[in-house]
Amino acid sequence: TCCARTVAGEKWCKNVLEKLHEFGTAFYIIQDNQPFRFGDGPKVWAKYALVMPVQIKNARCPFLLRISVVQDDVPLLLSAKVLQQLGTVLDMGGQEYVFKALEASIKMKSTGTGHIGFELFSDHPDPTDLLRIDWEAFLETGEEVVFIERLEDCSTGHVFTLDPGPVHETRVKHVSF
């Protein structure tokens, strides 16, 4: 089973923030108070959330992912909703994850504890894609994932981005790295 919301621990988040900084990739840290329970343990609350772009190798587009961060030592656990939105199929025989919504697949990796996962940083988003999205509009929705559609022509200064709702027009924003 999956978590109700996407979650990771502070240790995992610290490592990811170092990689994002190394790659020069924009991200947001926002307040969060989502409750989580791992197994039969006590309820814990997220103190903040990390919103970051993810580019799966050979995927048709990158996406923004909202991750609630808890103090517990927890790896990234994607929610059932995120896995559904990505169109995720686990091909155990082929040892790969297939992401139908991204038109991509990626090899499974085994952890030291016997869990399976995939390499989150198999590729880097194009920084120009990150300048073409309305981060604040996404943050206001409370959604966990939004696809960043590639745009061929941005000569008018206007762009079209997809949020979890209908297509809307936004002004190009400059995000500092």
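Predicted model only: the values in this text are computed from it and were never measured. Excluded from the calculations below are hydrogen atoms, water molecules and symmetry mates; all remaining heavy atoms, backbone and side chain alike, are included.
Shown here for Trp12 and Pro75, the closest heavy-atom pair between the two residues is CD1-CA, 4.2 Å. Shortest non-hydrogen contact noted between Ser110 and Ile116 is OG-CG2, 4.4 Å. Lys43 approaches Pro35 most closely through the heavy-atom pair CD-CB, 3.9 Å. The two residues Glu144 and Ala4 make their nearest non-hydrogen contact at OE1-O, 4.2 Å. Taking every heavy atom of both residues into account, Ala26 and Pro53 meet most closely at O-CD, 3.2 Å.
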Item to complete: Please assess Ile30 against Val51 for the test side-chain contact (heavy atoms from CB on, under 4.5 Å), listing each intermediate value before the final yes or no.
Response: CA-CA 8 Å; Ile30 58 172; Val51 178; 4.3 Å; yes

Worksheet item: Yes or no on side-chain contact (heavy atoms from CB on, under 4.5 Å) for Leu50 and Leu17, after CA distance, side-chain angles and deciding distance?
Response: CA-CA 9 Å; Leu50 167 63; Leu17 290 174; 3.7 Å; yes

Practice prompt. Determine, step by step, whether Val146 and Phe63 satisfy the side-chain contact (heavy atoms from CB on, under 4.5 Å) criterion, reporting the C-alpha distance in whole Å, the side-chain angles of both residues, the deciding distance to 0.1 Å, and the verdict.
Written response: CA-CA 6 Å; Val146 65; Phe63 59 95; over 6 Å; no

Fill in: Trace of the side-chain contact (heavy atoms from CB on, under 4.5 Å) decision for Leu65 with Val82
CA-CA 9 Å; Leu65 181 63; Val82 167; 4.1 Å; yes

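To the nearest 0.5 angstrom, Thr6 atom OG1 is 6.5 Å from Leu76 atom CG. Considering CG of Leu102 and CZ of Arg60, their distance stands at 6.5 Å, rounded to 0.5 Å. Between the CG atom of Leu20 and the OG1 atom of Thr25 there is a distance of 5.5 Å, given to the nearest 0.5 Å. In this structure, CZ on Phe138 lies 7.5 Å from CD on Glu143, to the nearest 0.5 angstrom. Note that the CG atom of Leu86 and the NZ atom of Lys100 stand 13.0 Å from one another [nearest 0.5 Å].
Residues in residues 75-103 take part in these ring pair (Phe, Tyr, Trp, His ring centres under 6.0 Å) pairs, two or more places apart or across chains: Tyr97-Phe118, Phe99-Phe118.
Counting only heavy atoms from C-beta outward, the side chains of Tyr48 and Glu10 approach each other to under 4.5 Å. Within the 4.5 Å cutoff, no side-chain heavy atoms of Lys107 are placed close to those of Glu119. Between Leu120 and Met52 there is a side-chain heavy-atom pair separated by less than 4.5 Å. Contact annotation: the side chain of Glu96 never approaches that of Ile106 to less than 4.5 Å [non-hydrogen atoms, C-beta and beyond]. Under the 4.5 Å side-chain criterion, counting only non-hydrogen atoms from C-beta, Val44 is in contact with Phe38. Between Glu103 and Asn58 there is no side-chain heavy-atom pair separated by less than 4.5 Å. Between Phe36 and Gln34 the shortest side-chain heavy-atom distance falls below 4.5 Å.
Across Arg66, Lys47, Arg5, a single residue satisfies salt bridge (Lys or Arg N to Asp or Glu O under 4.0 Å) together with Asp32, and that is Arg66.
Hydrophobic clustering (ILVMFWY, side-chain heavy atoms < 4.5 Å, transitive): Val16 and Val69 are in one cluster. Note on Ile67: it clusters hydrophobically with Val54, by side-chain heavy-atom contacts below 4.5 Å among ILVMFWY residues. Residues Ile56 and Phe23 fall within the same hydrophobic cluster, defined by Ile, Leu, Val, Met, Phe, Trp and Tyr side chains chained together at heavy-atom separations under 4.5 Å.
A distance-only check finds no donor-acceptor pair linking the side chain of Ser68 to the backbone of Ala46 [under 3.5 Å].
Residue-environment remark: CD (Glu18) exceeds the threshold of 12 foreign heavy atoms within 6.0 Å.
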